[in-house]
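Report on one structure; see the data block that follows.
Chain naming here is simple, since letters A, B, ... match the order of the sequence lines and numbering starts at 1 in each.
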Amino acid sequence: MNIASIVVDVPARQIDKPFDYLIPDHLIGVIQPGMRVIVPFGPRKIQGFVTGLKETSDYKQLKALIEPMDLTPVLNNELLALGDWLTETTLCYKISAYQVMIPPALKAKYEKKLKLSSTANLEELPFDIQSIFNNQDTVSWEEAVKLSSLSFLQKEAAEGNIEIQYIVKDRVKKKKLKAIYSLLSKEQLSFEKENLPAHVVKQKKVIDFFLHSDSPVEMRELLSALGVTTSVIKGLIQKKILAEMEIEVYRDPYEDRNFTRTEPLPLTEDQENSIRPILASIEENKNETFLLYGVTGSGKTEVYLQSIQKVLQDGKEAIVLVPEISLTPQMVRRFKGRFGDQVAVLHSGLSVGEKYDEWRKIQRQEVKVVVGARSAIFAPFQNLGIIIIDEEHETSYKQEENPKYHARDVAIQRSIKHNCPVVLGSATPSLDSYARAQKGVYKLLAMPKRMNNQSLPAVEIIDMREELRDGNRSMFSRTLLEKIKDRLEKKEQIVLFLNKRGHSSFVMCRDCGYVVNCHNCDISLTYHRFNQLMKCHYCGYEAAAPKHCPECNSEHIRYFGTGTQKVEEELSKILPEAKVIRMDVDTTSRKGSHEKLLDQFQEGQADILLGTQMIAKGLDFPNITLVGVLSADTMLHLPDFRSSEKTFQLLTQVSGRAGRHELEGEVVIQTYTPEHYSVELAGEQDYRKFYAQEMIVRKIHKYPPFYYISLITVSHEELLKAVSVTEKITAYIQSKLSKDSICLGPVASPIPRINNRYRYQCLIKYKREPELNKSLKKMLDNYQQEIISGGLQISVDVNPFILM
DNA sequence: AGCACGCCGACT
DNA sequence: GTCGGCGTGCTC
């Protein structure tokens, strides 16, 4: 086995296959599948993943790999196979599939440098070279090109005066600390101490310390404990009494936090009935998927916790996925509280280094449970006993970049390999999952009652058109305002929800109707008040907010649509006594600010919590008795077949924040379309009715869960090129489909232009097309040349979540 | 993706 | 003549 098949770090179609390399003699037996290695590739050096070992290769002139980047494989056999599966199902490159499974810290960093040839004599070299190197023996390539010219460097390299160096590195190093330990036995230490002159007080103090300590001590600790400086320690090291070593430590994001231990709670009847089949499944090593449908406040988390407990008792591991925005400290506390330091946490708030360390704890089997966002589904456990996906309907489980995978699909795929159950939990299951539960593909577990039998909050729907007719032009209906005032008086807390950050969604001239659009994209600019700028959320374009209409020069510029910033301003005007905390991307971008704001709210430092999406989930504060949804329809009119579903889910989730404890809760939903079934049924909190209604709509329009869909998006700087390519693709795919399938296109994408590229798409709807992925791959191969050199981009999304 | 190689026009 | 532009093809 002296040949390794290696997938190299080049995301391109032609390179998307294993390359064979010789394993140098001294590395035979060391190199294993799943390891990262450095290999020569053309003139450079790059990273690659070993996918297999073999005796022979069809390729004649093999190069030898250079060295491994890991001591143990970063991908085990299961994950390597999972990578192949990802490649097949999402049509991504193998390398992208492997990269997504490991922490970003392990992604290679490349450096290109120029080095003076060891044989060259500095004095004899041309003056130009001396000035580039400026007495150093290496400089960065970029620096050198700036100081001279490409051709000059090439010529000098050819003559052997300089050489090009390619360096492959990890992005993050392991964190190491200096520690001090004793080289001598206790007796020898005492002896040395006696021999020291009387005035050497500090060194004696240090020796005393080691007379009572056997293990190495962290340098920092030692210094602060004894009040000495490094020079004292250095003296002892020189005398060969002590020695220095480096110990590897984890960066602990939750270092200075104490988690109070919690014990399993007694279960309600609902919980009892739901957990029984899950426990049985764990017991019998059965591969089953459960849909745990429990209303908000029904206690799904306790079911998760006790299921995990069972898994741990059996000596197995658990993965818990939680949507990024509800991966709050509150949530972490619940898991760490129950399982202590057996829990690793993975989310985007961690630094690259912290993520790496949490991942290593999993890899080294030092933890048994991982709680994390989407990518935690790839946690390198060996003995999975359960996978839990909380809020399974959340769209953030679908990755929108390559590989465009859905964590739910990956979870099920992994559960097959591990013979373990998957639990999908939600108060508002996705239509797809609920339909599968209805068909018996998933096992439905229902928890229709809240714990302690609290009733679900009463919901009132307010027709904002009527308010307008009655002359109320503010963003608060009279009912909502009244109720807010009432709660302020009673010192109870209020949550106001608005699905839009910033200030206004678009800016229009009232005289001529001109809307300020982005120069590069076909989308209106969003006004941000604090810096008086108009921003494009797609390409980042910024412009000053106009004072006059750019078209007709009128001064009647109006800001339409309401964002959280604007609501905050308005609140301070009409209810100056109310203390408001605003939570959106803008106020929580700093590390830890999310937690701080929530803590403030919990401690009662504010009356009103005003926020976007991120407050819709997981909040569980006893004093919240009123939830106001300022505008229920913001997502309803998006060009997306799931917009009704998303609206219903969001409204139901937000409503669930009210009255979770002793105090009764109330919800006010303001809307311009009260007659829409997703608003109406969210008001009634009737999931099953909504499901029935929405299924009819999906069936008529041939959308999931009745049909699968795949979306091809073509983009090009020239409109005609984009259209013509999409046209050809549509025709080609159409010819490969069976009669029952539908291929729609070419149509302009909902955002027809982003960053000066025109976008056209083709939508495929099908029930069964086992050959579709093959056809799509062939199509991509066919356009390979134009993608590389013709400025063409083609993206394929199998089971897309957003159709933009 | 990078990088070398090669072929063509513009210039010291 | 040569420098430097970019189109083409290869990377175990």
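Using a 4.0 Å cut-off between charged side-chain N and carboxylate O, A:R642 and A:D432 make a salt bridge. Salt bridge annotation for A:K355-A:E358: absent, with no cationic side-chain nitrogen under 4.0 angstrom from a carboxylate oxygen.
In this structure, A:Q785 places its CD atom 14 Å from C1' of B:dA1, rounding to the nearest Å. What separates CD of A:Q154 from P of C:dT2 is a distance of 17 Å, to the nearest Å. Summarising the geometry, the separation between CD1 on A:I788 and P on B:dC3 is reported as 16 Å, rounded to the nearest angstrom. Remark: C1' of C:dC12 and CG of A:L53 are 15 Å apart, rounded to the nearest angstrom. For A:Q784 and C:dG9, the CD to P distance is 13 Å, given to the nearest whole Å. Atom NZ in A:K112 sits roughly 8 Å away from atom C1' in B:dG2 (whole-Å rounding). Separating the CD atom of A:Q61 from the P atom of C:dC10 is a distance of 14 Å, rounded to the nearest angstrom. What separates CZ of A:F49 from C1' of C:dC12 is a distance of 18 Å, to the nearest Å.
Side-chain nitrogen and oxygen atoms of A:S151 include at least one within less than 4.0 Å of the OP1 or OP2 phosphate oxygen of C:dG4. Contact annotation: A:R44 side-chain N/O to B:dG2 OP1/OP2 distance is under 4.0 Å. Contact annotation: A:Y59 reaches the phosphate of C:dT11 (side-chain N/O to OP1 or OP2, under 4.0 Å).
Under 3.5 Å, the side chains of A:D20 and A:S5 contain a donor-acceptor pair of N or O atoms. For A:Y98 and A:T51, the side-chain atoms include no donor-acceptor pair closer than 3.5 Å. Donor-acceptor pairing under 3.5 Å is lacking for the side chains of A:E111 and A:Y166.
Within a 6.0 Å sphere centred on NZ of A:K54, other residues, nucleotides and ligands contribute more than 12 heavy atoms.
Atom CD1 of A:I754 and atom CD1 of A:I523 lie 7.0 Å apart (nearest 0.5 Å). From A:N755, atom CG reaches atom CG of A:N520 across 5.5 Å, with rounding to the nearest 0.5 Å.
Residues from residues 91-100 of chain A placing a heavy atom under 4.0 Å of any atom in DNA chain C do not occur. Scanning residues 10-26 of chain A for heavy-atom distances under 4.0 Å to DNA chain C yields A:I15, A:K17, A:F19, A:D20, A:Y21.
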- Let me see the working for A:Y758 and A:H716 under ring-ring contact (aromatic ring centres under 6.0 Å, His included), right down to the final yes or no. CA-CA 5 Å; A:Y758 290 91; A:H716 198 273; 9.4 Å; no
